2 protein chains.
Amino acid sequence: MRNGPDISEVAALIGDPGRAHMLLALLDGRALSAGELAGEAGVTLQTASGHLARMVEAGLLCVEKQGRHRYFRLATAEVAEALSALLALADQGARRRVRTGPRDAAMRKARSCYNHLAGEMAVRAYDSLRQRGLIVVAQDGLDLSDAGHAAFAGLGVALTGSRKPLCRECLDWSERRMHLSGPLGTGLLTMVLDRGWARRETGSRVVAFTQTGEAAFRKAFPLTGDV
Amino acid sequence: MRNGPDISEVAALIGDPGRAHMLLALLDGRALSAGELAGEAGVTLQTASGHLARMVEAGLLCVEKQGRHRYFRLATAEVAEALSALLALADQGARRRVRTGPRDAAMRKARSCYNHLAGEMAVRAYDSLRQRGLIVVAQDGLDLSDAGHAAFAGLGVALTGSRKPLCRECLDWSERRMHLSGPLGTGLLTMVLDRGWARRETGSRVVAFTQTGEAAFRKAFPLTGDV
DNA sequence: GGAACACTTCGGTTTCTGCCGAAGCATTCA
DNA sequence: TGAATGCTTCGGCAGAAACCGAAGTGTTCC
């Protein structure tokens, strides 16, 4: 008998295997059509349609109509954060029986989260920026210092548009550390892909770095203690 | 059709209104008996017992047997984090219809989260410590600098025990900012209560500061820009 | 216009699970 | 030892919802 927002409604929505599959498929930030999501969840189109309608109604997803397709994506960064937190929980629960497989190694190293970079490489970038004073704690979140602006301009990351909530922190479920999200995190991911330092693995959230790409990334985001 | 940890299982568990009520009741970090939790959820004892058994089995809760009572508490900080993330989601969903009531003002100002302090006051303490260089980004999380150790000793916060993951960051669902968790966050909360700067409001997570207590807190954790 | 396609809505079946009454353990107190 | 208390287990019921077949809406292509 308590007031306040009702967790159980959202949680129950995520609590259906079909819907959970769809949400996880969208966690990399891309927009997928209803048909693709139905295939992902392993249900028929009409079942998926019902699920999607409910998730849009609840504010978990947003829709973009394009011709005879309807593309769905996660509505807000909060949704991605909640999913990440639940992933960490489920992971912790499963960790008792099985050891993390070799397939997960690539996921731990680098993957896309919502629309930014996550994993070891993302945490490295975050720590490097913090250490070098390129991002600083501001009144409402993190802010990019002047030197930081210069550094990102040098890397070819465009940071136009509203610069108010330029960068945010996001908890990393494999590293249990913070990494960058927000426009800055998004710009970082697109930069890495544009430069060919890494490419998305089809059908998964893995972001696979090339050997030279990883070296370039490490050089761009040095940490004290590096060789 | 995907591998990886199964979110839906945990989410479905949290997705039942009764279980969600119990979990939220435990979010302040205290241990409650099965009977108290049954009352909280508004169900009979035998129903609650089933719910609790399932949540323990899933690793959401842990039990401590004491005489003929069984006390339940959240198993890990990850559970509290996931609940906070879901709270943020549910809050965002509800924000469309109703405006946040006056009762919520106290919650926003200060409340207990798991076993540490959250809300505006907690964010202030975190920012102050960051600004003054008393906590620094370390290899695996945050670390307390030597000056930080001295400062906390001066405040009477005991920091014995394993000092490895001394402080962690935790996302604040009302402020959307980081605040302290971990031993340091716990110590902060107990210090505030011990000194009589604030007291827990019975039956809620609100931590109510006294007028002098708030002034003392603000003095102990100054921010540039203060009067 | 008609066919193909992407998706939604409707209706009915089936499965799941939350719920409580009753009975069963375990612990404490007299 | 017996009664009271706190909690768990069992069994059956009732409501919810996930699912798919079939039919309907809107868009594109020929």
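Not measured: the values here are computed from a predicted model. Quick note: numbers below take in every heavy atom, side chains included, and nothing from hydrogens, waters or symmetry partners. Every chain is numbered from 1, with letters handed out A, B, ... down the list of sequences.
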Nearest whole angstrom, please: distance from the [atom2] of [N] to the [atom1] of [X].
X	N	atom1	atom2	answer
Arg68(B)	dA4(D)	CZ	P	12 Å
Tyr71(B)	dG6(D)	OH	C1'	11 Å
Lys65(A)	dA6(C)	NZ	C1'	11 Å
His21(B)	dG18(C)	NE2	C1'	15 Å
Arg54(B)	dT9(D)	CZ	P	14 Å
Leu37(B)	dG6(D)	CG	P	14 Å
Glu36(A)	dC7(C)	CD	P	8 Å
Gln46(A)	dG12(C)	CD	P	16 Å

Atom CG in Leu26(A), atom CG in Leu61(A): separation rounded to 0.5 Å?
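One gets 6.0 Å once the value is rounded to the nearest 0.5 Å.
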Ala34(B) side-chain proximity, nearest of dC20(D), dC19(D), dC7(D)
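Minimum distance to the Ala34(B) side chain belongs to dC7(D).
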Quick one: is [X] getting a side-chain N or O under 4.0 Å of the [N] phosphate, OP1 or OP2?
X	N	answer
Arg70(B)	dT8(D)	yes
Thr44(A)	dC20(D)	yes
Thr47(B)	dC20(C)	yes

Do any N or O atoms from the side chain of [X] and from the backbone of [Y] form a donor-acceptor pair under 3.5 angstrom?
X	Y	answer
Ser49(A)	Leu45(A)	no
Arg70(A)	Ala34(A)	no
Arg54(A)	Leu13(A)	no
Arg195(A)	Leu155(A)	yes

Which label fits Phe209(A) and Phe217(A): parallel for a plane angle under 30°, tilted from 30 to 60°, or perpendicular past 60°?
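Perpendicular, since the angle between the ring planes exceeds 60°.
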Which residue, Ala48(B) or His51(A), contacts DNA chain D at a nucleotide closer to its 5' end, judged by nearest heavy atom?
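Going by which nucleotide is closer to the 5' end, it is Ala48(B).
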Which comes earlier along DNA chain D counting from the 5' end, the contact point of Ala53(B) or that of Val43(A), where each point is its nearest nucleotide?
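Looking at the nearest nucleotide for each, Ala53(B) comes out on the 5' side.
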For a 4.5 angstrom cut-off between non-hydrogen side-chain atoms, does Leu52(B) reach Met55(B)?
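Yes, close enough: below the 4.5 Å cut-off.
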In residues 11-20 of chain A, which ones come under 4.0 Å of DNA chain D, going by heavy atoms?
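Within this stretch, Asp16(A), Arg19(A) sit under 4.0 Å of the strand.
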